[in-house]
Asks: 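Encoded as structure tokens, here's the structure I'll be asking about.
The shown structure was predicted, so the numbers you read here are calculated from the model rather than taken from an experiment. Naming: A, B, ... by sequence-line order, numbering from 1 per chain.
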2 protein chains.
Amino acid sequence: MRLTTKGRFAVTAMIDLALRGDGGPVALAGVSERQGISLSYLEQLFGKLRRHRLVESVRGPGGGYCIARSLAEVSVADIIRAVDEPLDATQCGGRENCQDEHRCMTHELWATLNAKMYDYLASVSLQDLVSRQKDKQNPAAVTVLADQRRESNQSGGRASRDKLAVLA
Amino acid sequence: MRLTTKGRFAVTAMIDLALRGDGGPVALAGVSERQGISLSYLEQLFGKLRRHRLVESVRGPGGGYCIARSLAEVSVADIIRAVDEPLDATQCGGRENCQDEHRCMTHELWATLNAKMYDYLASVSLQDLVSRQKDKQNPAAVTVLADQRRESNQSGGRASRDKLAVLA
DNA sequence: ATATTCTTGACAAGAACAGTAGGTTATTTT
DNA sequence: AAAATAACCTACTGTTCTTGTCAAGAATAT
């Protein structure tokens, strides 16, 4: 897992899309202005996002990008993985023989930490981010959401509470 | 928060130090061999770690670096922050006026996510990493640790269980 | 048809970053 | 005193990031 400004830009842009996507495709020129990211860079990033099937494109006037799946199915980890492609192994690779036990030790420790970071980011979806924001704007909705939490806890959606708690 | 190979190297090296630090200072040449990180690079990283008071140096033959505080007082976040210095603001800065509400929204969403990542890494100390490793080598110790967990839960050490659970 | 909007791709240049190489200074041992 | 060890510092190279520019394809509007 790698976390850099590149990934941040991509996530930021995707949130922008999620918030504006109701009325059809969103043009990158608008995202560029609103988020202060160069259009050129956004084009490159969305090329990768498209090739990873996270967004779909519509060309021509009125065109732009749409999020390809439901918001709940796009995690922050998906986005970062798409733009930071070289998700290569941990040098030692896990399967390769390390120089000695001690080296394996530290590698494994890092790998574990890494995996946990990844799991965390994989557990946060665009839906989580967006609905949290809407709660803030419309406080009345909070109670409704609280009910949803209770429901999903009873019905076995065990991850839901943690996800939202994280954003509280 | 930024997560790159640089931070990984620094954490790896610090774990190495933690595991070998009993018999006085540890020389970087050894860390370099064991962890497969170039000596030059390690020197740079430890310059930063020293300036952030995470390690102390001893020059001359038999010299090297020691961890400056107790292992429990050094978190992974401390290490990463030390080497990835430019922990600068989120472009918008939080206090600066954003272009419009929408921009602030996405910035805030990212900032929240970011803070959560940071909190997580701040909750994992070198002590956690090292003691977990020792558990693996000596499985008999696990039950002892389990008792410690129960104790600290009763005595109000609420973070302890989560930290360790994370590494399980 | 023509012009406009917007994606798509390629290339290039500058800035920032990652990692390496070499020399200098402090401390210990011989 | 001399040699060896190991931290310290500066300069350098290569890669990645980020922006800019040009051109071309696709769909829409006039």
Asks: Should the ring pair A:Phe9 and A:Tyr41 be called parallel, tilted or perpendicular, given that the plane angle runs from 0 to 90° and is split at 30 and 60?
Replies: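 Answer is perpendicular, since the angle exceeds 60°.
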Asks: CZ of A:Phe9 versus P of C:dA16: gap in Å, rounded?
Replies: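 Those two atoms, CZ and P, are 13 Å apart.
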Asks: Is there a donor-acceptor pair under 3.5 Å between the side chain of A:Ser75 and the backbone N or O of A:Asp78?
Replies: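 Side chain of A:Ser75 to backbone of A:Asp78: a pair is present.
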Asks: In whole Å, what is the span from the CD1 atom of B:Ile37 to the P atom of C:dA21?
Replies: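 Rounding to the nearest Å, CD1 of B:Ile37 and P of C:dA21 are 15 Å apart.
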Asks: Atom NZ of A:Lys6 to atom P of D:dT15: distance rounded to whole Å?
Replies: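 It works out to 16 Å between those atoms.
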Asks: B:Ser40 or A:Val26: which one's nearest nucleotide on DNA chain C is closer to the 5' end?
Replies: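 The 5'-side residue here is A:Val26.
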Asks: Output the rounded distance in Å from CZ (A:Arg8) to C1' (D:dT18).
Replies: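 Computing the A:Arg8:CZ to D:dT18:C1' distance gives 13 Å.
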Asks: Separation of B:Leu3 atom CG from C:dC17 atom C1', in whole Å?
Replies: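 Spelled out: CG on B:Leu3 to C1' on C:dC17 is 16 Å.
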Asks: How is B:Leu28 classified with respect to the nucleic acid when contacts are heavy atoms under 4.0 Å: base, sugar-phosphate, or nothing?
Replies: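 Here B:Leu28 touches the backbone only, sparing every base.
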Asks: Using whole Å, report how far CG of A:Leu39 lies from P of D:dT19.
Replies: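 That distance rounds to 11 Å.
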Asks: Does A:Tyr118 form a side-chain hydrogen bond (donor to acceptor under 3.5 Å, both in side chains) with A:Arg81? I'd like the steps, not just the answer.
Replies: CA-CA 10 Å; A:Tyr118 186 82; A:Arg81 182 170 34 182; 2.8 Å; yes
Asks: Using the side-chain heavy atoms of A:Arg2, tell me which of these nucleotides is nearest: D:dT16, C:dC11, C:dC17.
Replies: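 It is D:dT16.
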Asks: With heavy atoms under 4.0 Å as the rule, sort A:Thr4 into base, sugar-phosphate or nothing.
Replies: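 Nothing, no nucleic acid heavy atom in range.
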Asks: Crowded around A:Arg53 CZ? As in, over 12 foreign heavy atoms under 6.0 Å?
Replies: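 No - once you tally the heavy atoms of other residues, nucleotides and ligands closer than 6.0 Å, there are 12 at most.
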Asks: With no hydrogens and no angle check, is any side-chain donor or acceptor of B:Ser32 less than 3.5 Å from a backbone partner on B:Ile37?
Replies: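 Present.
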Asks: Let me know, please, whether B:Ala27 or A:Thr5 comes out on the 5' side of the other along DNA chain D by nearest nucleotide.
Replies: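 Result of the comparison: B:Ala27.
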Asks: Is there a donor and acceptor pair, one atom on the side chain of B:Glu43 and one on the base of D:dT10, closer than 3.5 Å?
Replies: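 Side chain to base: no pair present.
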Asks: Going by heavy atoms in the side chains, are A:Leu39 and A:Glu43 under 4.5 Å from each other?
Replies: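 Of all side-chain heavy-atom pairs linking A:Glu43 with A:Leu39, at least one is under 4.5 Å.
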Asks: Using atom CD of A:Gln35 as one end and atom P of D:dT19 as the other, report the distance to the nearest whole Å.
Replies: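 Taking CD of A:Gln35 and P of D:dT19, I get 13 Å after rounding.
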Asks: Is there a donor-acceptor pair closer than 3.5 Å between any side-chain N or O of A:Ser125 and the backbone N or O of A:Asp128?
Replies: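 At least one qualifying donor-acceptor pair exists.
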Asks: Identify, residue by residue, the members of residues 48-70 of chain B with a heavy atom below 4.0 Å from DNA chain C, and return them in order of residue number, or none.
Replies: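 Here the set is B:Arg59, B:Gly60, B:Pro61.
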Asks: Is the phosphate of C:dT20, meaning OP1 or OP2, less than 4.0 Å from a side-chain N or O of B:Ser38?
Replies: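 Checking C:dT20 against B:Ser38, a side-chain N or O does come within under 4.0 Å of OP1 or OP2.
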Asks: Rounded to whole Å, how long is the line connecting atom CD of A:Gln44 with atom P of D:dT19?
Replies: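 For the pair A:Gln44 CD and D:dT19 P, the rounded distance is 10 Å.
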